[in-house]
Amino acid sequence: MIMPDTSISIIRRAQLSSGNLLMTQIQLNFEKPYYPAAQYEELHEFYQSLLIC
Amino acid sequence: MTEGLVIEKVETSQWGWKTLYDKSMQAKNVILVTGRIDESGKMSGEATITSYDYSRIDRLPTAKKGKDKFIEQYITGTNPSITVDDVVFENLESDSLPLVQKIKFSQPLNTSGDYRYFSSNILTGIETNPFIADNRFSDVFFGCNQNYLIVGNFTIPKVMNSRAFQRISK
């Protein structure tokens with residue numbers, strides 16, 4: 001998943017091994033620190049999706 | 001402080017905003033979690049959080065205030081259901097090394113119908129959405145770039161069958 005301007009990206013992986021070992025990985029990268037108020041809706045929506053990781 | 005108003009020459013009124021933070025550095029956290037889920041639906045485990053660069057700078061003052069303050073600000077503040085049994089800090093006084101936080105924790109799993117579930121986004125400080133308002137009129141400035149890597153290994157009891165995971169992961 002990635003922001004429309006590609007400034008924030010998240011990669012999620014999950015694998016079930018041996019029937020009972022769940023291995024997960026989340027990689028989250030912010031490549032800019034500043035978001036104007038006009039971009040708030042995108043930021044808000046992206047953060048919402050973090051809750052289901 | 002990440003930006004400052006610099007007045008270079010008062011006589012000529014030369015001034016401007018100057019970036020004070022180092023753009024080559026990030027607030028970087030690597031979180032390794034090992035969790036064991038028992039048949040009653042409780043997870044217990046250990047985590048190692050390694051905080052680099054600006055993340056070390058951010059967490060260090062609270063870590064130096066003591067374990068209770070640190071747990072309240074960085075763990076239970078964003079995840080009230082978690083119980084922290086112990087926290088050990090490493091490299092508190094070594095400025096050139098990342099701040100290491102070793103945590104022993106337990107937390108109950110969530111339940112919905114016949115399913116138990118949990119988020120693998122734990123101990124990150126970003127478990128909840130800080131942007132709760134539908135609209136915002138001021139800009140958002142995080143202060144620096146950020147990077148998180150969360151690696152989890154969770155042991156699930158055999159009585160909880162894997163079909164649930166397969167269904168969810170599709």
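The chains referred to below are lettered A, B, ... by the order of the sequence lines, with proteins before strands, and numbering in each begins at 1. Computed over heavy atoms, backbone and side chain alike; hydrogens, waters and symmetry mates excluded.
- Side-chain contact between A:Leu22 and B:Phe118 is present, with heavy atoms from C-beta onward closer than 4.5 Å.
- In summary, of the residues considered (B:Leu149, B:Ile126, B:Asn147), a side-chain contact (heavy atoms from CB on, under 4.5 Å) with A:Leu28 occurs for B:Ile126 alone.
- How far OG of A:Ser17 is from CG of B:Asn153: 9.5 Å, rounded to the nearest 0.5 Å.
- Between B:Asn129 and A:Gln48, the side chains place a donor N or O and an acceptor N or O closer than 3.5 Å (distance only, hydrogens not considered).
- In this structure, A:Ile10 CD1 and B:Ile150 CD1 are separated by 7.0 Å, a value rounded to the nearest 0.5 Å.
- In this structure, B:Phe142 and A:Tyr47 have parallel ring planes: the angle between them is below the 30° cut-off, well short of the 60° mark.
- Rounded to the nearest 0.5 angstrom, A:Ile26 CD1 and B:Thr124 OG1 are separated by 7.5 Å.
- Proximity to chain A (any heavy atom under 4.5 Å) is shown, for B:Ala133, by both the backbone and the side chain.
- Atom-to-atom distance recorded for B:Lys28:NZ and A:Asn29:CG is 9.5 Å, nearest 0.5 angstrom.
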| request: Please lay out, stage by stage, how A:Leu43 and B:Val140 fare under the test side-chain contact (heavy atoms from CB on, under 4.5 Å). | output: CA-CA 9 Å; A:Leu43 193 65; B:Val140 175; 3.9 Å; yes
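- Residues of residues 1-9 of chain A never come closer than 4.5 Å to chain B when only heavy atoms are counted.
- One finds the CZ atom of B:Phe141 at 11.5 Å from the OH atom of A:Tyr35 (value rounded to the nearest 0.5 Å).
- Contacts of A:Glu31 with chain B are made by backbone atoms alone, with heavy-atom separations under 4.5 Å and no side-chain atom involved.
- Note: B:Arg136 CZ to A:Glu41 CD = 14.5 Å, rounded to the nearest 0.5 Å.
- Interface summary for chain A: among B:Gly35, B:Ser138, B:Gly152, the most heavy-atom pairs under 4.5 angstrom belong to B:Gly152.
- For B:Glu90, the side-chain contact (heavy atoms from CB on, under 4.5 Å) test picks out B:Val100, B:Lys102, with sequence neighbours left out.
- With a 4.5 Å cut-off on non-hydrogen atoms, B:Thr155 touches chain A through its backbone and its side chain both.
- Without hydrogens or angle criteria, A:Asn20 side chain to B:Pro157 main chain gives no donor-acceptor distance under 3.5 Å.
- Both the backbone and the side chain of A:Tyr34 come within contact range of chain B, each with at least one heavy atom under 4.5 Å from a heavy atom of that chain.
- B:Ile37 does not touch chain A: none of its heavy atoms, backbone or side chain, sits under 4.5 Å away.
- If you measure heavy-atom distances from B:Asn135 to chain A, the contacts under 4.5 Å come from the backbone alone.
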